[in-house]
Structure formats: structure tokens, C-alpha cells
Amino acid sequence: MLTEIADIYVRLSSEDRDKKNITDESESIQNQKTMLIKYCIERGWQINDIYCDEDYSGADSKRPAWNQVLKDCEEGKCTIVVCKTQSRFSRDMEMIEKYIHGKFLEWGTRFVGVVDNVDTNVKGNKKARQINGLINEWYLEDLSDNIKSTLNVKRKNGEFVGSFAPYGYLVDPENKNHLVIDEVTAPVVRRIFDMYIRGSGYIAIAKALNEDKIPPPCVRKKQLGSKYYNGNYEKNHSPTTFWTDSAVYAILRRYTYTGALVQGRQEVVNYKTKKRRNKPQDQWDIIEDMHEPIISKETFFKVQSIRMQRGKGQKIPSGSCYSLAKKVFCGECGNTMWKMSYELRDGRYNYLCCRTRKTAKEHCNNEHSIRLDELEQIVLDEINKLLDDYYDEKAIGKIKAPKKDNNVQKSMVAEIKELEDKIKRNDARMAQMYTDKLDGIITVDEFTCFREKYKRETTEFENRINILTAQLNESGGNKTAQDTKYVLDKYRHIDKLTFEIANEFISKIYIGKIEENGSRNIKIEWKI
Ligand SMILES: [Zn+2]
């Protein structure tokens with residue numbers, strides 16, 4: 001029997017934390033380590049490394065040390081993973097199945113939970129391990145329910161439980177469950193309500209605030225030292241440094257400003273993914289008169305009734321959207337182009353203009369809007385030109401010409417397939433080798449030697465696949481070429497641009513600013 005090479009994995013869990021005070025944390029980690037090292041030495045196992053995650057929940061597969069253990073297993077640096085219990089490794093049934101009952105077998109890694117007697121080398125232990133896993137998962141769910149109900153009680157008591165105060169307020173330095181007025185931003189809130197009542201719209205208000213260089217909520221949060229990070233903003237490359245119409249809208253809808261504490265507007269759908277969803281308004285926790293109001297209730301309800309009235313006229317009939325909806329972007333700042341309509345002498349026209357320009361004009365120099373019907377005509381002409389070219393080339397037989405390329409492509413695809421098969425075969429051989437090594441059929445030296453060979457080969461195959469894939473993509477790819485042909489063959493000439501058609505041909509359109517010579521750069525990103 002060969003010597004096992006062990007990775008010891010320790011994790012501090014919430015049970016440890018609840019027990020005593022914080023200073024005991026490291027002690028608990030130390031206890032786990034001592035116990036596991038002793039266990040390995042008693043069995044004559046060699047210790048490869050000791051890994052430790054200090055502050056991560058069992059469900060979180062992003063734990064850094066945990067991932068290091070998996071990497072060791074995959075690379076064959078260890079043959080056994082030792083934990084205090086299976087739940088220290090993971091409380092997530094999916095992870096148990098994926099690794100302990102899946103990948104570990106493939107990698108030839110044995111798993112041992114010392115206290116709960118888990119050992120993947122013992123046959124018939126699997127059922128017990130699965131049951132263990134389920135119990136652990138229930139525990140986690142239970143824990144998440146406990147946290148939820150604690151927060152619920154606090155909310156129902158009118159205690160503020162958020163991580164940062166709403167714009168206009170600060171968390172009371174003497175009581176973190178209470179809000180006090182932020183003298184810097186409260187006047188801005190009052191001004192927003194006031195402007196709206198006097199007839200200004202969201203855009204006009206945002207513009208006025210930007211002109212006066214008033215920091216918007218995100219900036220204020222940063223000033224106050226909050227770690228708050230708005231993922232959506234980052235993703236859409238939208239500006240965060242100035243007021244937008246939606247920021248104004250959000251403030252006008254906040255009942256909190258009347259002195260009421262409004263919480264529980266969202267709930268966590270799944271304790272594993274931490275995904276949230278909005279709750280219906282009648283399920284929110286609203287407790288009146290919990291802090292000093294910034295505006296009166298009369299003002300708030302007045303604004304809401306104006307909002308309803310103004311909103312009515314602008315409603316877009318549901319289900320209908322214009323042909324280029326969600327496809328047009330500003331070529332200067334990258335923000336979306338907004339659709340608006342103006343009344344002219346000869347009728348009403350739709351225009352598109354840069355959203356940044358509308359709310360914070362110094363952040364984008366794309367000052368002119370573009371008429372929607374004119375843009376649609378330009379796009380339609382481009383599509384028809386594309387179709388004309390395609391059918392011209394087809395008529396003189398040019399479309400068949402790329403067939404030679406097609407053969408080259410075909411052989412490239414075949415080579416990739418072959419390489420992928422070779423990699424799979426190598427993986428299978430590696431897996432077999434682990435077993436052979438465990439059974440003593442091959443020595444450690446032989447094992448290391450073969451493993452290096454297979455690894456080298458696999459890397460070579462992967463590199464070749466990367467080169468081939470890049471070449472395939474450059475030559476238009478195999479699938480895309482067919483898709484393009486399919487779309488083009490469907491039409492001969494298009495008279496009217498619809499959303500469906502635009503969607504088949506176009507992914508994005510960028511509208512640049514009007515240059516000094518009067519030209520305007522309109523860049524179409526084709527799907528085909
Ligand atoms: Zn712009």
C-alpha cells in the first residue's frame with residue numbers, strides 16, 4: 001500500500017463563532033488543525049499542506065483555500081483530503097455530489113471526515129454521506145431563516161436594519177438602528193420635491209442639480225465611506241458621478257422622507273445564491289414616525305398624485321416597441337439613446353438622443369438628436385444594399401466560391417474534434433493511473449513520470465486547439481456562415497423595418513456626434 005499524501009482543510013463555521021467571543025476563533029482553527037495533523041500522523045499519511053478558510057460560510061464555493069485544495073486534488077498533489085467533518089468541506093449537497101462523489105473519483109482523491117466517520121474508501125458509506133449532506137444543507141437553510149426572522153422582528157419594531165442610510169439621512173452615531181437627518185443632503189431632497197410640484201420633470205430636475213454640481217446619491221455614499229457598489233451601473237457603463245432621471249424618480253417615490261421607516265422591500269429568494277426579488281408593496285414593513293421627516297406627508301402624496309396624472313399621457317401601448325428598440329447607443333459616451341417625440345408644424349416626430357446629454361450635458365458632447373424615421377431609412381437602405389450585394393454575387397456564382405475555404409474549415413473542425421478526443425483519452429489514462437497508483441500497480445516515480453508526459457501532451461493539444469479556433473473565427477466560423485446565408489436567403493428586398501427584421505440583422509447601432517463638416521458617423525454592428 002502506498003503512502004497517502006494528505007491535504008488538511010479547516011474552516012471556521014458559524015457554530016464556533018456563536019459559542020464564545022471573537023478571540024476564540026483562532027483557537028478553534030488551531031484545535032481543528034492539531035486534531036487533523038495528529039490523525040494523519042497516526043495513520044502514517046504524509047501531509048502535503050494545511051489549508052484554512054477563516055471567515056466563509058459552508059455554502060460559498062468561492063472560499064479561496066477550499067479552491068486551493070480542489071486544485072491540489074486535480075493536479076495530483078494530494079491523494080486524500082482530511083476534514084473535521086464533511087460539513088467543514090461543504091454544506092451544499094450539490095458540491096458534495098460534484099466533488100466528493102464526482103470529481104474526486106475521477107481524480108482518485110479519497111475524502112475523510114474524521115468526526116462524522118466519512119471515508120470514501122469505505123464501501124456503503126455513500127448513503128450515510130449523502131444523508132449527512134442533506135442534514136447539513138437543512139442546517140444552513142435553517143440558519144438563513146433564523147437570520148431572516150431576527151431581521152423581521154427588528155423591522156417590525158421600527159428599527160433600521162439597512163447597511164447604509166437612504167439619501168438625505170445618516171445612521172444615528174448613537175444608535176445604528178435609527179436615522180438622523182443629513183444636513184448636507186436633506187435640502188436637496190426638499191428641492192427635488194419642490195421642483196417637481198412646481199412642474200419640472202425628472203430630466204429637468206437632474207439637469208438643474210448637475211448644473212449646481214450637487215453630488216448624486218452614489219457619490220454621497222462614497223463620501224460617507226460606504227463600501228456600497230452598484231453592479232448594474234458598472235455593467236452598463238452608465239455614469240454614476242451625476243444625477244440621472246432615474247435617481248430623481250427614486251427619491252420622489254421614497255415614503256421614508258415623511259418620517260416613516262420603510263423596509264423589507266426585497267427578499268432573498270435563495271440562501272445559496274443570495275438572489276433578491278422585489279416584494280409587493282403591501283408586504284413592506286412600514287412603521288410611521290420613526291425619525292424626523294424631511295418633507296411633509298401632504299407634499300409626498302401631492303407628488304404621487306401629480307406623478308399618476310403626468311404618467312397617464314406618456315404611456316406606451318404595451319407589447320409594441322419601435323423597430324430599433326434597445327439597439328441604439330451614443331457613439332461618444334456609450335450610453336443608450338433615448339426615444340422622445342416632439343410636435344413640429346407638420347406633425348409629431350420621434351427622435352433619439354443621448355441619455356447622458358439629456359441629464360448631464362458636460363459629460364457627453366453628442367448634442368444633436370437624430371430623427372427616428374431618418375435613422376430607420378438609413379438602416380433599411382444598408383440592409384437592402386447588403387441583400388443586393390448578396391444576390392448579385394449569388395447570380396454570378398460567387399457565393400459558391402468560398403467552398404474551397406469551406407473544405408479548409410471542415411478539416412480544421414475535424415482536427416479540433418480529434419484533438420479533443422485525444423485530451424479525453426489522456427484524462428481517462430490519468431484517472432486510471434491514480435487508481436493503479438493507489439493499488440500499488442505502479443510506483444510513485446512511474447506515476448510522476450507518466451503524469452508529466454500526459455500533462456505535456458494535453459497542453460500541446462490545447463494550444464493547437466486554440467490556434468485552430470482563432471483561425472476558424474477569423475475566416476467567419478462554420479456556424480455563423482450558415483446562419484448568415486439562412487437570413488439572407490429569407491429576404492430579397494425589405495420595404496419596412498420591423499423589430500423582428502432589425503433583430504435578425506443588427507446587434508447594435510452607434511450614433512456619433514455631428515462633425516464640423518456636417519457629417520455624422522453611424523456605425524452598424526451586424527449580427528450576420
Ligand atoms: Zn452620449
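Just so you know, residue 1 is the first one in the sequence shown, and it goes up from there. Order of listing sets the numbers, starting from 1, for every ligand and every atom in it. All of these numbers come straight from a predicted model, not from anything done at the bench.
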Please report the interatomic distance CD1(Ile295) to OH(Tyr257), rounded to the nearest 0.5 Å. 9.0 Å

Row check, Phe499 ring normal vs Lys327 NZ/CZ: under 6.0 Å, within 45°: yes

Near the Zn ion (ligand 1), which protein N/O/S atoms fall under 2.8 Å? Cys330 SG, Cys333 SG, Cys354 SG, Cys364 SG

Sorted by chain and residue number, the ring-ring contact (aromatic ring centres under 6.0 Å, His included) partners of Tyr491 (sequence neighbours excluded) come out as Phe505

Matching residue for Cys364 among Thr356, Thr359, Asn335 - test: side chain to side chain contact (heavy atoms under 4.5 Å, CB included): Thr356

Counterpart residues, ring-ring contact (aromatic ring centres under 6.0 Å, His included), relative to Tyr249 (two or more places apart): Tyr202

How would you list, by chain and number, every residue that makes a salt bridge (Lys or Arg N to Asp or Glu O under 4.0 Å) with Arg492, sequence neighbours excluded? Asp388

